[in-house]
Amino acid sequence: MSSPAPALSPAPLDAAAIRTDFPLLGERVNGQRLVYLDSGATSQKPQAVIDAEVDFLTRTNSAVHRGAHTLAAEATELFEDARATVAGFVGAQPEQLVWTSGATAGLNLVAYAIGNASLGRGAPDSARFALRPGDEIVVTEAEHHANLIPWQELAARTGAVLRHIPVHDDGSVDLNAAAAVIGERTRIVAFTHVSNVLGIVNPVDQLVDLARSAGAVTVLDACQSAPHLPLDLPALGVDLAVFSGHKMLGPYGVGGLYGRSDVLEALPPFLTGGSMITTVTLDEASYLPPPQRFEAGTQPVSQAIGLAAAVRYLDGLGMPAVHAHEKALEARMAEGLRAIPGVRLLGDAAGAERVGLWAFDVEGVHAHDVGQFLDARGVAVRVGHHCAQPLHRRFGLTASVRASTSVYNTTDDVDVFLDALSGVRAFFGAGA
Ligand SMILES: Cc1ncc(COP(=O)(O)O)c(C=O)c1O
C-alpha cells in the first residue's frame with residue numbers, strides 16, 4: 001500500500017497586499033501608519049464588503065419576502081443567496097442559519113427560546129428544552145458576558161442553577177472539573193470556542209462528549225473562531241452556535257445563529273411578529289418553520305449581503321491559510337511579549353492551539369495607560385476587561401491589554417507593536 005500524500009501547507013498570505021483591500025488601513029492615525037491590533041473587538045472591512053452593501057442599497061434595495069415586484073424578488077434572491085453563502089462558510093445548510101443582529105442577540109434568542117419552552121410554549125417536542133427548578137446550566141469561567149448573563153437571567157426565570165467550569169492558571173479549561181460539573185442535572189452547556197481574552201481554542205469535542213452523555217444541549221460561542229480558522233459547526237457536533245458579522249470582516253448589525261435542524265425545529269420562537277407566521281387570528285398564531293420562525297420583523301438585509309461578501313473574501317484567501325498566517329503572527333507576538341520584562345501573558349498554555357490574540361498585564365502600568373501610550377505610536381489595541389470580568393478576577397486583574405490580529409496584519413505590525421511596548425514601563429517609571 002502506498003503511503004498517503006503529505007498534507008499540503010497552505011500558500012502563505014501576502015498580508016501587505018491584503019492590507020490594500022482595506023481602505024481604512026490606508027488612513028493615518030495620530031500622523032502615523034495605523035497598526036490595527038483590535039480585530040478581536042471589531043475587524044476592518046475590505047472594499048468588497050463596502051461595495052456589496054452600497055451596491056445593494058444603490059441598485060436593489062427593497063423589502064424581502066414581501067413584495068411581488070421585480071426589486072423585491074431580486075432583493076429576496078440576494079438575501080437568500082447570502083444566507084446560503086454564510087451557512088456554507090460554517091458547514092451548514094441554509095435553513096440551519098438564522099440571521100441575528102450579532103452574537104449577543106443570538107445567545108439571548110436561544111436563552112429566551114428555552115425560557116419559552118420552560119413556560120410550556122412551542123410544539124410538543126419543545127418540552128425537551130424545558131428547565132425545571134434545580135436543573136443546571138453550565139458555562140466556563142472564560143465566557144464573554146454575552147454568553148454568561150443571558151444564562152444568569154434564564155436561571156433566575158426558571159429556578160435553574162448556573163454552574164461553571166473553572167480554567168487552569170494557564171487559561172486552559174479544566175476538563176477534570178468539567179467532568180465533575182457536567183452531570184445528570186445538566187440541561188445546557190454553553191461555552192466559547194475561543195475566549196476573547198485567552199485566545200486558546202477550547203476542546204469542543206471533549207466538552208460536547210460530556211454534554212451529550214448528560215443529555216444536555218450545547219451552545220457554542222464561535223465569535224472568535226469563525227473569522228480565524230476553518231469552521232464546520234455540524235462536524236463539531238454542537239447543537240447551536242453563534243457568530244458575529246462585524247468581527248469577520250463584515251458589517252455591523254448582522255450575525256448568525258446556527259442550529260441543528262431537529263433543535264431549531266423544536267425550539268419555540270423568542271421574538272414574534274411579522275414575517276415569522278403562517279396564520280394569525282385575533283387570538284393566536286401559527287409559525288413558519290426555521291429559520292423564518294426566528295426572524296420576526298425586518299431583517300438586516302444589506303448587512304447580510306455584506307457579510308456574504310466578507311465570507312467570500314475570506315474563502316478566497318482560504319481559511320487554512322488565514323489560520324496559518326495568524327498563528328505565525330501570534331507566535332512572533334508571544335516570543336516578543338515574553339521577552340519584555342514585566343509583561344504577564346494571560347492564557348499562555350504550553351502547546352495550546354491558538355488564534356492570533358494575546359491579552360497581557362504590564363506590571364506597574366495600568367492597561368489604559370498602556371493603550372494610550374501605544375495609540376500615540378499608531379498602535380490600536382483593546383484595553384479593559386473585554387466583557388470578561390469574572391475571568392479577569394480569576395487572574396487577579398480588573399483590566400488587561402489585548403492585541404488581536406486579522407488577515408491584514410503583517411509581521412511589521414507585530415514588530416512595531418513590540419518595539420513600542422518595550423518602552424512603556426520606562427516611560428511610566430515602572431521599571432526597565
Ligand atoms: C467571545 C465573544 N462572544 C460574544 C461577543 C459579542 O458579539 P456581538 O458584538 O456580535 O454581540 C463578543 C464580542 O466582543 C466576543 O468576543
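In listed order, ligands and their atoms are each counted from 1.
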State plainly whether the residues [X] and [Y] are in salt-bridge range, i.e. N to O under 4.0 Å.
X	Y	result
K327	E330	no
R377	D419	no
D262	R128	yes
D205	R212	no

Need the list: ligand 1 N/O atoms against protein N/O atoms, distance under 3.5 Å, rounded to one decimal.
residue: ligand 1; atom: 3 (N); partner: D221; partner atom: OD1; Å: 3.4
residue: ligand 1; atom: 3 (N); partner: D221; partner atom: OD2; Å: 2.6
residue: ligand 1; atom: 9 (O); partner: H246; partner atom: NE2; Å: 2.9
residue: ligand 1; atom: 10 (O); partner: A103; partner atom: N; Å: 2.8
residue: ligand 1; atom: 10 (O); partner: S244; partner atom: OG; Å: 2.6
residue: ligand 1; atom: 11 (O); partner: T104; partner atom: N; Å: 3.0
residue: ligand 1; atom: 11 (O); partner: T104; partner atom: OG1; Å: 2.5
residue: ligand 1; atom: 14 (O); partner: H144; partner atom: NE2; Å: 3.1
residue: ligand 1; atom: 14 (O); partner: K247; partner atom: NZ; Å: 2.6
residue: ligand 1; atom: 16 (O); partner: Q224; partner atom: NE2; Å: 2.7

Can you name the residues that form a side chain to side chain donor-acceptor pair (under 3.5 Å) with D51, not counting sequence neighbours?
->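 Side chain to side chain donor-acceptor pair (under 3.5 Å) list for D51, sorted by chain: Q47.
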
Can the ring centroids of H386 and H144 be said to lie less than 6.0 angstrom from one another?
->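 No; H144 has its ring centre 6.0 Å or more from that of H386.
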
